Amino acid sequence: MNAIPNQRHLYMGTFEAEAYWRDAELASLPALPDRASSAIVAAMDELLFSFCQPGDALLTRYAISPVHRQYIAQLGFHPAVNERDLTDGMEQPGNVSAASVFELLSSRKTDAGEGFPQLEGCVLSPFAGLPHVEEAAHAWGITLHQPPLETIRKVNAKTYSSELKRSLGLRNPGHIVTSFADVAEAGRKLLRDGSFLIKDDFGVSGKGNLHITSTQMLDRVVSYLRGQERKGKRVLFLLEPFLEKEQDFSCQFTIGDDGCVDILSVQWLANTQFAYRESLSPDKAFMERLEREGYFSLMQDVGQQLYRDGYYGNVCIDSMTLRGGKLEPIIEINARKSMSLIKHQLDTYLAGKNMRGTLTNYSLSHDGSLSYEELLEGLEGEGLLFTGEREEGVMPLGANTLYVNTGGRDGENRIAGHATAPSRHATGRGGRPSGKQVRVSGIGASIGGAEEGRSQPDLSGTKEAAGSERARGKGRLYLELVAASDEEKMRLTTKLERFLAERHFTVLN
């Protein structure tokens, strides 16, 4: 949604925005930190290119790979981008700071804008409204068009979703608990009928949820929360019965300044352990069922209530169907952009070519020795790469999420960590002192000529750095699988997974 039409827009954002809305004084659920996953999430903002129209700008935490910029340009996306990392000089390699992209941008004005596109007058369209947006806008002359931060925070809380469900007379509104004793009491009651979930008020995909299946588990969590409460932390969680789902899905809509609710799409979701896996388009029969059961009318009511509470902008409602056939229309409310909205943007792009796709991702262990340029060349050589001309193929959506934990991003593994802006004679993250750009058919042309005597790319994925074996790290490849049918999608998936295995990528999900 372009909040102000006919103006240049700036797309940027930090995913897992919930961490920035959460009160630091709240008690937390037990969890293991995962620095590799945090680094991947920090690089996900490159997926926002899918929103960009001609003339728009896209700022990302880590500068987008020049190789990837050439690839998406072939697809018709030409955003003005930052050529320097927003974190340049502010983070140690392998250590992702807690600063959001807006905090980083607001501190960059002293750089006189070197390596950044012209932002003055752009209308900000964030992934989610976060702290430091106003400071960044003031420093760079960016136009804001969003509700107050406190409103955004309020309507994104799990407790808000629960109270809204109760006011609408929906099932399973949950139990809001404000002490470890409440957790113990409400939890034991819920366990009489089956297992239940404890949800952090600002939990996010795969985090902030605990599935409690026994009194022993409950007692351990209560003891953990008791210790935090005694140290002055406030307890605030939502307890809900665990529902035996059949299918996750979500609805994306926008709320205009005038309160008009515009439903954009519905997406089926595949989740793994509460974490996002992929989005795909539902069939006609499912959409007709939602219409018959009043789902879209309910979404209009939800949008109107959000507007009365001061919110406008993007909304994603998580829903599910249950075993036995019942519909659970509201699991939680996400008043922001979403992965499913990115899928909708790609759907719109592909619909213009009479094509369809599935947004998915692969969590991969690899050593970073196969560059992004070589990855695209290999996909092209196998007839797998989507180029806009073929009726099917793999459309990679970014490079940084794949390489952020392997000592560098895109191309030759940068042992020293993140690089600064590339020299005028380099391909940037490719790590090659050559004028050569992507040599994949139809993607880009050479602008400086290939380096004489240069060997062909090694597609084995087994290169070594300085004569020693490389360490493996975790990356994530986000992609759109473009296929005309489920059968073609399965064939494409099989070929892609064979391709990855042959190049020593290990699939982790």
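These numbers were taken from a predicted model, which means no experiment stands behind them.
Under the 3.5 Å distance criterion, the side-chain polar atoms of Trp21 are left unmatched by any main-chain donor or acceptor of Phe202. No side-chain donor-acceptor contact under 3.5 Å links Asp182 to the backbone of His175. Of the possible polar contacts, none joining the Glu240 side chain to the Lys199 backbone as a donor-acceptor pair under 3.5 Å is found. With hydrogens and angles disregarded, a donor-acceptor distance shorter than 3.5 Å links the side chain of Arg108 to the backbone of Leu86. At distances below 3.5 Å, at least one donor-acceptor pair connects side-chain atoms of Lys233 with backbone N or O atoms of Ala24. Here the side chain of Asp318 pairs no donor or acceptor atom with the backbone of Ile331 at under 3.5 angstrom.
Annotation: the span from Leu26 atom CG to Arg234 atom CZ amounts to 4.5 Å, rounded to 0.5 Å. The distance from atom CD1 of Ile198 to atom CG of Leu225, rounded to the nearest 0.5 Å, is 7.0 Å. Interatomic distance, CG of Leu397 versus CG of Leu477, reported as 8.0 Å (0.5 Å rounding). Note that CG of Leu59 and CD1 of Ile142 are 7.0 Å apart. Values are rounded to the nearest 0.5 Å.
With a 4.5 Å cut-off on side-chain heavy atoms, Met299 and Val261 do not count as touching. When side chains are defined from C-beta on, Asp347 counts as touching Glu480, because their heavy atoms get closer than 4.5 Å. You'll find the side chain of Leu269 stays beyond 4.5 Å of the side chain of Met339, heavy atoms only. Taking 4.5 Å as the limit, every side-chain heavy atom of Gln53 sits out of range of all side-chain heavy atoms of His9. You'll find the side chain of Ile64 stays beyond 4.5 Å of the side chain of Pro79, heavy atoms only. Looking only at side-chain heavy atoms (C-beta outward), Leu238 and Asp201 stay at 4.5 Å or farther from each other. Proximity of Tyr362 to Leu496: side-chain heavy atoms (C-beta onward) are separated by under 4.5 Å at one or more points. Counting heavy atoms from C-beta outward, Val67 and Leu375 have side chains that stay 4.5 Å or more apart.
Phe127 and Phe15 have parallel rings, their planes meeting at less than 30° on a 0 to 90° scale where 60° marks the start of perpendicular.
For Thr14 and Glu16, the side-chain atoms include no donor-acceptor pair closer than 3.5 Å. Residues Lys474 and Ser37 have side chains that bring a donor and an acceptor to within less than 3.5 angstrom of each other. Checked by atom type, the side-chain pair Lys343/Ser50 shows no donor-acceptor distance below 3.5 Å. In this structure, a donor-acceptor pair under 3.5 Å is present between the side chains of Thr506 and Arg472. Looking only at atom types and distance, the side chain of Asn400 has no donor-acceptor partner in the side chain of His68 under 3.5 Å away.
Looking at every heavy atom in both residues, Asp200 comes nearest to Ala27 through OD2-O, 4.3 Å. In this structure, Gly129 and Leu149 approach most closely via the heavy-atom pair O-CD1, 3.6 Å. For the pair Ser106 and Ala139, the tightest heavy-atom approach, listed with the atom from each and the gap, is O-CB, 4.3 Å.
Applying the salt bridge (Lys or Arg N to Asp or Glu O under 4.0 Å) criterion to Arg476, with sequence neighbours excluded, gives no partner residue.
Ion pairing of Lys158 with Glu18 is absent here, as no side-chain N (NZ or NE/NH1/NH2) approaches a carboxylate O to less than 4.0 Å.
Lys337 forms a cation-pi arrangement with Phe51, by the criterion of a distance under 6.0 Å to the ring centre and an angle within 45° of the ring axis.
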